[in-house]
Amino acid sequence: MRRHYTKAMGKIPTNGIPPLAGLATYEEAAKPGLGVDDNVDLLRRYNYVVKRLYFISAAFMNPTPEWEVKSALSLHMYLDGEHGQSLRSRVAELRRPPLYLDHTPDERLEAFLDEAERAQNTPEFLTGIYRVVRPALLQAFKDHVASINPLFDYPTCRLLKTAIAEEDQMIEWGRQAIAAVVKTDQGRQTATAWANHLDAYLQAAGGISGKEEAPAQELPEKRA
């Protein structure tokens, strides 16, 4: 690569063929990306979130009366399991044991997901998972992809892009499902109040990544 560099142009010339297998330009590949430690910390948090999503969905499988919701939960649990396994494998590639993948990475994140599990009916469950938790996870994935070197950390980029596409599909299903079960003004007010309740816990956790600034405000009372 170095012998093709031209100081006069200040960049590597190209013959029109996309460089680096189309993963990045030379300029993008030369930029420093997220460090290994920060990368692993985020992957551990994602692993915790998708594992909790799996168990929350399992908890609502039997009591949920709508057959269509049960069908979707079956698929989404499968996808969460796949994403979790990919995340665990990537952490194992980046770090030697112990990997700390079965530990709670942040008590604030645990409190947020505990509240999501305390939904009392289908509208609240769908609102919490598909209007709050999954969109926050999706945004964290997108921010992560934007922060890593697309060439050096291609394995992480690849698994996150796969998860992004599938989270998008799950969230779109959830959006339509919420619209189907929340039809009245009172229902919409209740759903919004539950979403705001969970948002407060999410913000207090610094977002899914834990790196967002937490507002200085008192949290609403936890549900028993």
Side-chain angles (χ1 to χ4, degrees), residues 32-59 76-119 125 127-150 152-171 174 195 197-215 219 222:
L34 199 65
V36 173
D37 289 340
D38 289 337
N39 201 12
V40 169
D41 286 344
L42 286 171
L43 295 179
R44 285 179 179 141
R45 292 178 73 92
Y46 304 156
N47 169 70
Y48 177 73
V49 173
V50 297
K51 181 172 68 174
R52 288 296 306 272
L53 282 168
Y54 183 98
F55 286 119
I56 292 171
S57 295
H76 298 175
M77 289 168 63
Y78 166 77
L79 294 175
D80 285 333
E82 288 282 300
H83 297 167
Q85 186 57 55
S86 296
L87 291 164
R88 295 173 74 93
S89 296
R90 184 58 182 151
V91 171
E93 292 168 354
L94 292 168
R95 278 286 177 266
R96 290 183 295 177
L99 303 177
Y100 303 109
L101 288 167
D102 295 313
H103 291 64
T104 301
D106 187 336
E107 292 182 355
R108 301 172 305 166
L109 188 61
E110 181 181 29
F112 163 58
L113 293 166
D114 284 348
E115 285 302 290
E117 193 169 359
R118 292 172 179 141
F125 168 72
T127 297
I129 299 303
Y130 297 95
R131 182 172 162 182
V132 181
V133 182
R134 290 198 185 277
L137 182 61
L138 175 63
Q139 188 58 54
F141 286 165
K142 290 180 176 179
D143 292 343
H144 194 155
V145 169
S147 69
I148 57 180
N149 185 294
F152 170 76
D153 204 4
Y154 173 69
T156 300
C157 189
R158 179 171 178 252
L159 78 87
L160 289 176
K161 284 184 175 180
T162 298
I164 285 170
E166 293 175 343
E167 286 293 342
D168 259 330
Q169 294 173 358
M170 289 187 273
I171 291 168
H197 177 88
L198 294 179
D199 271 327
Y201 279 85
L202 175 62
Q203 292 174 24
I208 297 295
S209 69
K211 299 182 182 301
E212 299 174 17
E213 184 176 355
L219 282 173
K222 292 181 180 180

> For the residue pair Tyr46 and His144, is the inter-centroid distance of their aromatic rings smaller than 6.0 Å?
Replying inline: yes
For [X], side chain to side chain donor-acceptor pair (under 3.5 Å) partners two or more places apart:
{"X": "Gln169", "value": "none"}
{"X": "Glu213", "value": "none"}
{"X": "Glu212", "value": "none"}
{"X": "Asp114", "value": "Arg52"}

[X] to [Y] - nearest heavy-atom pair and separation:
{"X": "Gly206", "Y": "Arg108", "value": "N-NH1, 4.3 Å"}
{"X": "Met77", "Y": "Ala58", "value": "CE-CB, 3.7 Å"}
{"X": "Ala195", "Y": "Thr127", "value": "CB-CG2, 3.9 Å"}
{"X": "Ala204", "Y": "Ala214", "value": "O-CB, 3.9 Å"}
{"X": "Leu42", "Y": "Ser209", "value": "CD2-CB, 3.6 Å"}
{"X": "Leu219", "Y": "Ala200", "value": "CD2-O, 3.3 Å"}

When rounded to the nearest 0.5 Å, the distance separating CG of Leu87 from CD of Glu82 is 11.5 Å
Separation between OG (Ser89) and CG (Leu159), nearest 0.5 Å, reads 9.0 Å
Taking salt bridge (Lys or Arg N to Asp or Glu O under 4.0 Å) as the test, write out the residues that go with [X], two or more places apart.
{"X": "Asp199", "answer": "none"}
{"X": "Arg44", "answer": "Asp41"}
{"X": "Glu115", "answer": "Arg118"}
{"X": "Arg88", "answer": "Asp102"}

Go through the structure and list residues passing side-chain contact (heavy atoms from CB on, under 4.5 Å) with [X], not counting sequence neighbours.
{"X": "Ala119", "answer": "Phe60, Glu124, Phe125, Trp194"}
{"X": "Tyr154", "answer": "Leu23, Arg158"}
{"X": "Thr162", "answer": "Glu166"}

*May I have the step-by-step check of side-chain contact (heavy atoms from CB on, under 4.5 Å) for Arg90 and Asp153, ending in yes or no?*
CA-CA 11 Å; Arg90 184 58 182 151; Asp153 204 4; 2.7 Å; yes
Please table the atom pairs, donor to acceptor, closer than 3.5 Å between any side-chain atom in residues 134-143 and protein atoms at least two apart or in another chain.
{"from": "Arg134", "atom 1": "NH1", "to": "Asp80", "atom 2": "OD1", "distance (Å)": "3.1"}
{"from": "Arg134", "atom 1": "NH1", "to": "Glu167", "atom 2": "OE1", "distance (Å)": "3.3"}
{"from": "Arg134", "atom 1": "NH1", "to": "Glu167", "atom 2": "OE2", "distance (Å)": "3.2"}
{"from": "Arg134", "atom 1": "NH2", "to": "Asp80", "atom 2": "OD2", "distance (Å)": "2.8"}
{"from": "Gln139", "atom 1": "NE2", "to": "Asp143", "atom 2": "OD1", "distance (Å)": "2.9"}

Between [X] and [Y], is any pair of side-chain heavy atoms under 4.5 Å apart?
{"X": "Leu34", "Y": "Thr156", "result": "no"}
{"X": "Asn39", "Y": "Leu43", "result": "yes"}
{"X": "Val133", "Y": "Ile56", "result": "no"}
{"X": "Leu53", "Y": "Val49", "result": "yes"}
{"X": "Leu101", "Y": "Tyr48", "result": "no"}

With no hydrogens and no angle check, just 3.5 Å: does a side-chain donor-acceptor pair link Tyr130 and His76? yes
Using 30° and 60° as the class limits, which term best fits the ring planes of Tyr201 and His197: parallel, tilted or perpendicular? tilted
